[in-house]
Number of protein chains: 2
Amino acid sequence: MNMMITNRDRLLLAARELFLEHGYDASVDAIIAHAGVARQTFYNHFRNKESLFAEVVRDCFLDVIAPLNEHPDELRQSLLIFAQAYRQRALSPAGVSSYRVLSGQAQRFPALVREAYTMGAGQIIERLASFLRMAMEEKKLLDADPVFAAEMLMAMVVGQERTHLLFGIQRKPEDEQRKMEYVVDGFLRMFAPQCGI
Amino acid sequence: MNMMITNRDRLLLAARELFLEHGYDASVDAIIAHAGVARQTFYNHFRNKESLFAEVVRDCFLDVIAPLNEHPDELRQSLLIFAQAYRQRALSPAGVSSYRVLSGQAQRFPALVREAYTMGAGQIIERLASFLRMAMEEKKLLDADPVFAAEMLMAMVVGQERTHLLFGIQRKPEDEQRKMEYVVDGFLRMFAPQCGI
DNA sequence: CATGGATTAGACTGAGCAGTCTACCCGAGA
DNA sequence: TCTCGGGTAGACTGCTCAGTCTAATCCATG
């Protein structure tokens with residue numbers, strides 16, 4: 001009910017931006033400057049830099065939703081929608097940056113990074129896997145480990161492009177839509193129930 | 001012909017270990033201590049920390065070889081050998097650590113990281129793609145973009161496990177051999193020439 | 001008007017860091 | 001024996017950073 005933007009919000013927003021851009025190396029000085037707030041104000045709202053980081057990380061992963069089980073009968077269409085949405089999110093600047101930052105801080109903050117993964121990609125895998133399990137039970141897909149199948153699909157959706165973005169490799173623009181159709185059709189052929197090898 | 005281990009070698013080895021473990025944050029103090037060498041000796045052999053890092057990175061990516069085109073007729077067997085070798089290398093502690101370190105330093109050293117990628121994963125993709133192109137020309141595989149196909153196979157071989165290792169997520173042990181057979185067989189079904197969708 | 005909680009600017013501490021510099025040491029070759 | 005290149009130890013500079021502290025200011029409530 002309170003629309004006021006507090007200094008706390010300003011700090012969280014600024015920290016989010018700077019952490020995504022510079023990783024945990026973003027200095028407290030830079031964060032308070034970017035938030036337009038005094039040094040002491042920061043320490044009024046947060047115990048220290050570490051707890052601010054933790055809060056930013058937890059905030060980032062609240063809004064991870066996988067658009068699935070919308071068309072439970074049209075398998076190909078459902079997977080296509082999922083693939084495009086997941087790809088868009090995973091390869092977005094924020095997605096790539098948070099991947100970079102979290103993997104970089106996995107040693108310093110093991111529990112936090114595990115938590116972020118569980119809340120983010122972990123959730124998505126689980127949902128996709130249970131969706132695929134349903135399709136397998138309905139004999140629309142070859143019987144297999146649904147988690148394995150989910151991981152294969154997600155791996156193909158992201159492909160080498162996350163690595164390219166992480167490493168700053170230029171890539172010629174592609175037809176995203178078409179590519180995702182290739183991937184989903186390939187996946188369906190891979191797990192097609194009729195073709196039995 | 002000279003078997004002597006120089007101080008330079010000691011420094012490179014120590015730096016490699018510490019950079020892989022702590023990233024670029026590994027301090028010069030720690031490196032010279034680990035090499036058992038004086039501070040000035042370091043600056044006798046390297047201009048500064050940055051050039052040492054560059055040399056370590058370049059060293060790391062000299063020995064990336066993809067065991068391919070050994071069985072050009074037995075497609076499945078060739079791919080299986082490749083898959084196991086690539087997986088082993090990519091998911092090794094050194095492989096995962098260098099991925100973490102390089103992606104973390106992509107902003108600071110863009111050219112170096114690009115170079116490392118080109119010499120490493122880039123090479124592997126190219127080799128695999130040209131191998132697949134041959135198989136496509138011989139009609140052993142569905143006609144498709146060989147680079148796309150190579151990236152799909154590599155993505156599946158690594159799957160979610162690189163992410164798990166980067167993020168420090170525990171994983172129950174699996175049957176590697178069997179898993180790679182699944183992946184290669186799935187890949188072959190995906191790009192099977194007969195089954196035309 | 002008065003009080004008190006939040007905010008501000010900025011000084012300060014203590015630590016770690018990269019890189020420089022000095023002074024000393026050792027061992028091989030002239 | 002002398003010299004000199006490469007080695008060692010360690011002090012030192014200059015910087016950045018996280019976190020603390022002080023003193024002044026603002027503002028809403030009583």
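Letters A, B, ... are given to chains in the order of the sequence lines, protein chains preceding strands, and every chain is numbered from 1.
Phosphate proximity of dT8(D) to Thr41(B): present, with a side-chain N or O under 4.0 Å from OP1 or OP2. Dashed line: the shortest gap from a side-chain N or O of His45(A) to OP1 or OP2 of dA6(C) is not under 4.0 Å.
Here the nucleotide nearest the side chain of Lys49(B), chosen from dA18(C), dA18(D), dA9(D), is dA18(C). The side chain of Asn7(B) sits closest to dG7(D) out of dG7(D), dG19(C), dT7(C). Comparing dA18(C), dA9(D), dC17(D) by their nearest atom to the side chain of Ser27(A) picks out dC17(D).
Salt-bridge annotation for Arg108(A) and Glu50(A): absent, with no side-chain N of the basic residue lying under 4.0 Å from a carboxylate O of the acidic one. Between Glu174(B) and Arg87(B) there is no salt bridge, since none of the side-chain N atoms of the basic residue sits less than 4.0 Å from a carboxylate O of the acidic one.
Counting only heavy atoms from C-beta outward, the side chains of Phe131(B) and Leu75(B) approach each other to under 4.5 Å. Counting heavy atoms from C-beta outward, Val28(B) and Asn48(B) have side chains that stay 4.5 Å or more apart.
We find that OH of Tyr43(B) is positioned 18 Å from C1' of dG6(D), with the value rounded to whole Å. In this structure, Ile32(A) places its CD1 atom 13 Å from P of dT7(C), rounding to the nearest Å. When rounded to the nearest whole Å, the span between CG of Asn44(A) and P of dA9(C) equals 14 Å. Following rounding to the nearest Å, Gln40(B) (CD) and dA18(C) (C1') show an atom-to-atom distance of 13 Å. Nucleotide dA18(D) holds its P atom 10 Å from the CZ atom of Arg108(A), rounded to whole Å. Atom CZ in Phe42(B) sits roughly 7 Å away from atom P in dG19(C) (whole-Å rounding). For the pair Glu50(A) CD and dA18(D) P, the interatomic distance rounds to 12 Å; values are reported in whole Å. The CZ-P distance, from Phe19(A) to dA18(D), rounds to 9 Å in whole Å.
Donor-acceptor pairing under 3.5 Å, judged by distance alone, is present between the side chain of Arg39(B) and the base of dG19(C).
Listed for the Arg89(B) side chain is no donor-acceptor partner under 3.5 Å among the backbone atoms of Gly95(B).
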